[in-house]
Amino acid sequence: MPRVLRAETATTRGITMTHQRNGETFAEIYYDAGEYLSGALERFASFARDIHSGATHEMDPRLLDLIFLIQQELGRDTPVVLTNGFRAPATNRRIAGASANSFHLHGQALDITHPAGSGALHRAAAGVEFGGLGRYRSFVHVDTGPRRSW
């Protein structure tokens, strides 16, 4: 039985991510003393912006909790790699097979990779038992929508 990972027990939470497409890094404490830190959330929204249009959108803070838990499982010293965050509607329409109501459009989804490989990343994300989880050939999709997997 997989171990269920939960963020609620951590009083301070931080993540380290790199952006595959532009090389930017997000390495910050985003939660401390019982609250999400608004400045860190704003910087994360900029980090996870639509890489094609530059548009930003408020990102669901629970996405950072997902990444936090995945990093706890895979090793805190190795950044999770963001391949896709927020998508503006025009960008989403250009992506073959993208859902017309993708969670990326609402700041509720990330596509990620990790040096440990997609299998290890998928297993770590599955241990969170939270939101949507999809495994693709070159990335793993996580979102804060209803619990489902593909």
Side-chain angles (χ1 to χ4, degrees), residues 5 7 10 12-32 35-150:
L5 308 173
T12 300
R13 301 176 206 154
I15 61 171
T16 303
M17 295 185 78
T18 59
H19 201 298
Q20 180 185 45
R21 297 171 192 258
N22 62 22
E24 291 179 10
T25 299
F26 179 87
E28 291 198 37
I29 301 294
Y30 67 89
Y31 181 93
D32 192 32
E35 65 182 49
Y36 292 100
L37 305 177
S38 61
L41 296 179
E42 289 170 13
R43 287 185 292 278
F44 185 76
S46 178
F47 172 76
R49 70 189 174 277
D50 182 317
I51 201 70
H52 299 286
S53 71
T56 62
H57 190 281
E58 183 177 329
M59 301 299 286
D60 188 334
R62 296 174 301 162
L63 285 170
L64 284 81
D65 288 337
L66 284 167
I67 300 303
F68 171 78
L69 292 168
I70 289 167
Q71 273 194 300
Q72 297 302 300
E73 189 70 9
L74 294 177
R76 290 179 238 181
D77 296 334
T78 306
V80 171
V81 179
L82 177 67
T83 63
N84 201 333
F86 169 69
R87 284 189 209 140
T91 300
N92 196 64
R93 284 190 296 273
R94 287 195 309 263
I95 297 175
S99 168
N101 196 29
S102 168
F103 284 98
H104 287 280
L105 294 165
H106 308 290
Q108 292 180 271
L110 300 173
D111 295 335
I112 56 177
T113 66
H114 193 275
S118 61
L121 177 58
H122 186 265
R123 283 188 298 279
V128 177
E129 293 190 355
F130 180 100
L133 173 61
R135 184 174 178 182
Y136 295 87
R137 189 181 75 233
S138 61
F139 65 91
V140 171
H141 169 99
V142 294
D143 67 51
T144 59
R147 187 160 156 70
R148 65 215 188 286
S149 63
W150 61 96

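- More than 12 heavy-atom neighbours from other residues, nucleotides or ligands sit within 6.0 angstrom of CG on Asn22.
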Residues Tyr36, Asp65; criterion side chain to side chain contact (heavy atoms under 4.5 Å, CB included); working and verdict: CA-CA 10 Å; Tyr36 292 100; Asp65 288 337; 2.5 Å; yes
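- Every residue two or more places apart in sequence or in another chain that forms a ring-ring contact (aromatic ring centres under 6.0 Å, His included) with His104 is listed here: His141.
- Legend: residues meeting side-chain contact (heavy atoms from CB on, under 4.5 Å) with Gln20, ordered by chain and number and at least two apart, are Val81, Thr83.
- Take Ala100 and apply the side-chain contact (heavy atoms from CB on, under 4.5 Å) test, not counting sequence neighbours, and it matches no residue.
- You'll find the side chain of Val80 stays beyond 4.5 Å of the side chain of Leu110, heavy atoms only.
- Under the side-chain hydrogen bond (donor to acceptor under 3.5 Å, both in side chains) criterion, Gln71 pairs with no residue, sequence neighbours left out.
- Scored by the ring-ring contact (aromatic ring centres under 6.0 Å, His included) test, His57 finds Phe86 as partners (sequence neighbours excluded).
- His122 is linked by a ring-ring contact (aromatic ring centres under 6.0 Å, His included) to nothing, counting only residues two or more places apart in sequence or in another chain.
- Arg43 meets the side-chain hydrogen bond (donor to acceptor under 3.5 Å, both in side chains) test with Glu28; sequence neighbours excluded.
- The salt bridge (Lys or Arg N to Asp or Glu O under 4.0 Å) analysis of residues 135-150, with sequence neighbours excluded, yields the pairs Asp143-Arg148.
- Take Asp60 and apply the side-chain hydrogen bond (donor to acceptor under 3.5 Å, both in side chains) test, not counting sequence neighbours, and it matches Arg62, Thr144.
- Among all heavy-atom pairs drawn from Asn92 and Ser102, the shortest one is OD1-CB, 3.7 Å.
- Sorted by first and then second residue, the salt bridge (Lys or Arg N to Asp or Glu O under 4.0 Å) pairs with a member in residues 86-110 read Arg87-Asp111; sequence neighbours excluded.
- Side chain of Tyr30 to backbone of Leu64: a donor-acceptor contact under 3.5 angstrom is found.
- Residues passing the side-chain contact (heavy atoms from CB on, under 4.5 Å) test with His106, sequence neighbours excluded: Asn101, Gln108.
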- request: Determine, stepwise, if the pair Val128 / Leu133 fulfils side chain to side chain contact (heavy atoms under 4.5 Å, CB included).
  value: CA-CA 10 Å; Val128 177; Leu133 173 61; over 6 Å; no
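- Remark: Ser138 pairs with no residue by the side-chain hydrogen bond (donor to acceptor under 3.5 Å, both in side chains) rule, at least two apart or across chains.
- For the residue pair Pro79 and Thr18, the shortest heavy atom distance occurs at CB-CG2, 4.0 Å.
- Side-chain contact check for Asn84 versus Ile95: some heavy-atom pair is nearer than 4.5 Å.
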